[in-house]
Number of protein chains: 2
Amino acid sequence: MTLLALYRDQWMNSVLIASSLNINPVLVRRELTLLKKGNLIESKEGKNGGVRLIKDPNTILLSDIFNLAKGEETVLSLSKNTPNPSCRVGKQINENLMLIMKTIDDSIINTLKLKTLEEFKNKF
Amino acid sequence: MTLLALYRDQWMNSVLIASSLNINPVLVRRELTLLKKGNLIESKEGKNGGVRLIKDPNTILLSDIFNLAKGEETVLSLSKNTPNPSCRVGKQINENLMLIMKTIDDSIINTLKLKTLEEFKNKF
DNA sequence: TATAACTGTAATTTAAATTATTACAGTACA
DNA sequence: TGTACTGTAATAATTTAAATTACAGTTATA
């Protein structure tokens, strides 16, 4: 997103972005799909295609990006937590932990609401 | 820690705790080592040994536990991030992300400072 | 004082999750 | 009509996390 904000006038392709991140272009395209569904970027197929921001970076909060990237999960995951249901604590722990994790996610989101992509971009 | 708070009068052993968590006792003992270094618990070796809280659960904040469990890392990790140093963004991104991640960690810790182990324990 | 039941920790194996790769249909430009 | 892209699925390779095994050291107690 920093790259897209810096080069707003250009269609940036997944190979270029992947080269900056030093990861595989397919991973980049997968992530861009999420950002596109969230209406932060648009894409153009075909030769000289790529992606670019739809919105002014001043109106994009880091929390917007975070929310799209994170999906429905909480940051601290319970996916591998399968406590013993015959234990007084185990049988209830996940619902109680989930409440805390939602609180944590909220605090992260509130922190990231204070930062715009424009501000972040200007550090480069 | 919930178990230890509920059964403060007993030495709780790693097999029992592991059975509640439904994980391997060795993992439990490794994690208990961190909590012990942080002076939240004490351990007793030998037969009928185990671990127990040192402090009153009213004086243990969830942030205390979180800090010990998390170690020196930030919650959102950069460990696999090796961006392209010949890219204007890539060469600087990790230091800028790290600043944000420290801010995020701070906000999580502040959230967890508002909750005591005693309060959490009382949900069970 | 021997045995059983623990902690503490290292080394290794196994399983799970992540990332990379390959492949290809579809689209747009020149 | 060829080239360079997106979009997406399937699979392979790699990395990380967890489980397992092992064992030295400690303590209670029969």
Side-chain angles (χ1 to χ4, degrees), chain A residues 1 3-4 7 9-54 68-84 90 93-94, chain B residues 1 3-4 7 9-54 68-84 90 93-94:
Chain A
M1 290 297 275
L3 273 178
L4 301 198
Y7 304 102
D9 53 325
Q10 297 172 42
W11 290 101
M12 304 290 276
N13 70 59
S14 64
V15 170
L16 178 66
I17 299 170
S19 141
S20 168
L21 293 166
N22 193 26
I23 63 172
N24 194 284
V26 174
L27 291 183
V28 173
R29 298 204 285 269
R30 284 214 271 262
E31 207 62 24
L32 289 173
T33 302
L34 299 175
L35 297 167
K36 193 178 164 186
K37 282 180 183 150
N39 295 311
L40 297 185
I41 65 172
E42 62 185 341
S43 63
K44 189 174 79 160
E45 296 192 352
K47 192 171 180 183
N48 302 331
V51 296
R52 66 181 179 193
L53 296 184
I54 294 179
L68 293 172
K70 132 180 136 62
E72 292 305 308
E73 307 270 299
T74 48
V75 167
L76 299 179
S77 165
L78 289 176
S79 62
K80 289 171 295 192
N81 237 39
T82 57
N84 186 341
I93 191 79
N94 275 358
Chain B
M1 289 297 275
L3 274 177
L4 300 198
Y7 304 102
D9 53 326
Q10 297 171 41
W11 290 102
M12 304 290 276
N13 69 58
S14 64
V15 170
L16 179 67
I17 299 170
S19 139
S20 169
L21 293 166
N22 193 26
I23 62 173
N24 194 284
V26 175
L27 290 184
V28 173
R29 297 205 284 271
R30 284 214 271 261
E31 207 63 24
L32 290 173
T33 302
L34 299 175
L35 297 167
K36 193 179 164 186
K37 282 180 184 151
N39 295 311
L40 297 184
I41 66 174
E42 62 184 341
S43 63
K44 188 174 78 160
E45 296 192 352
K47 193 173 179 182
N48 303 330
V51 298
R52 66 180 181 194
L53 295 183
I54 294 178
L68 292 172
K70 133 179 134 62
E72 294 304 310
E73 307 269 299
T74 49
V75 167
L76 300 178
S77 165
L78 289 176
S79 62
K80 289 171 295 192
N81 237 39
T82 57
N84 186 340
I93 191 77
N94 275 358

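Chain letters run A, B, ... following the sequence lines, proteins first, then strands; residues in each count from 1.
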With A/Lys47 via side-chain hydrogen bond (donor to acceptor under 3.5 Å, both in side chains) - residues at least two apart: none

Please give me every residue in residues 71-81 of chain B whose heavy atoms get under 4.0 Å of an atom in DNA chain C, ordered by residue number. B/Lys80

Among residues at least two apart in sequence or on other chains, which ones pass side chain to side chain contact (heavy atoms under 4.5 Å, CB included) with B/Ser43? B/Lys36, B/Val51

With sequence neighbours excluded, tell me which residues meet side chain to side chain contact (heavy atoms under 4.5 Å, CB included) with B/Leu76. A/Phe66, A/Val75, B/Met101, B/Ile104

Readout for nucleotides 23-30 of chain C: B = base within 4.0 Å of protein heavy atom, S = sugar-phosphate only, - = neither; 5' to 3' it is B---BBB-

With sequence neighbours excluded, what pairs up with A/Asn22 under the side-chain hydrogen bond (donor to acceptor under 3.5 Å, both in side chains) test? B/Thr82

For B/Gln10, side chain to side chain contact (heavy atoms under 4.5 Å, CB included) partners two or more places apart: B/Tyr7, B/Met12

Mind checking salt bridge (Lys or Arg N to Asp or Glu O under 4.0 Å) for B/Glu45 and listing every partner two or more places apart, or none if nothing turns up? none

Considering residues at least two apart in sequence or located in another chain, which fulfil the side-chain hydrogen bond (donor to acceptor under 3.5 Å, both in side chains) criterion with A/Asn24? none

When the axes are fitted on five pairs at both termini, how much does the helix from C/dT1-D/dA30 to C/dA30-D/dT1 curve, in 10° steps? 0°

Who are the side-chain hydrogen bond (donor to acceptor under 3.5 Å, both in side chains) partners of A/Arg30, not counting sequence neighbours? none

Under the side chain to side chain contact (heavy atoms under 4.5 Å, CB included) test, which residues partner A/Ser77, sequence neighbours left out? A/Glu73, A/Ser79

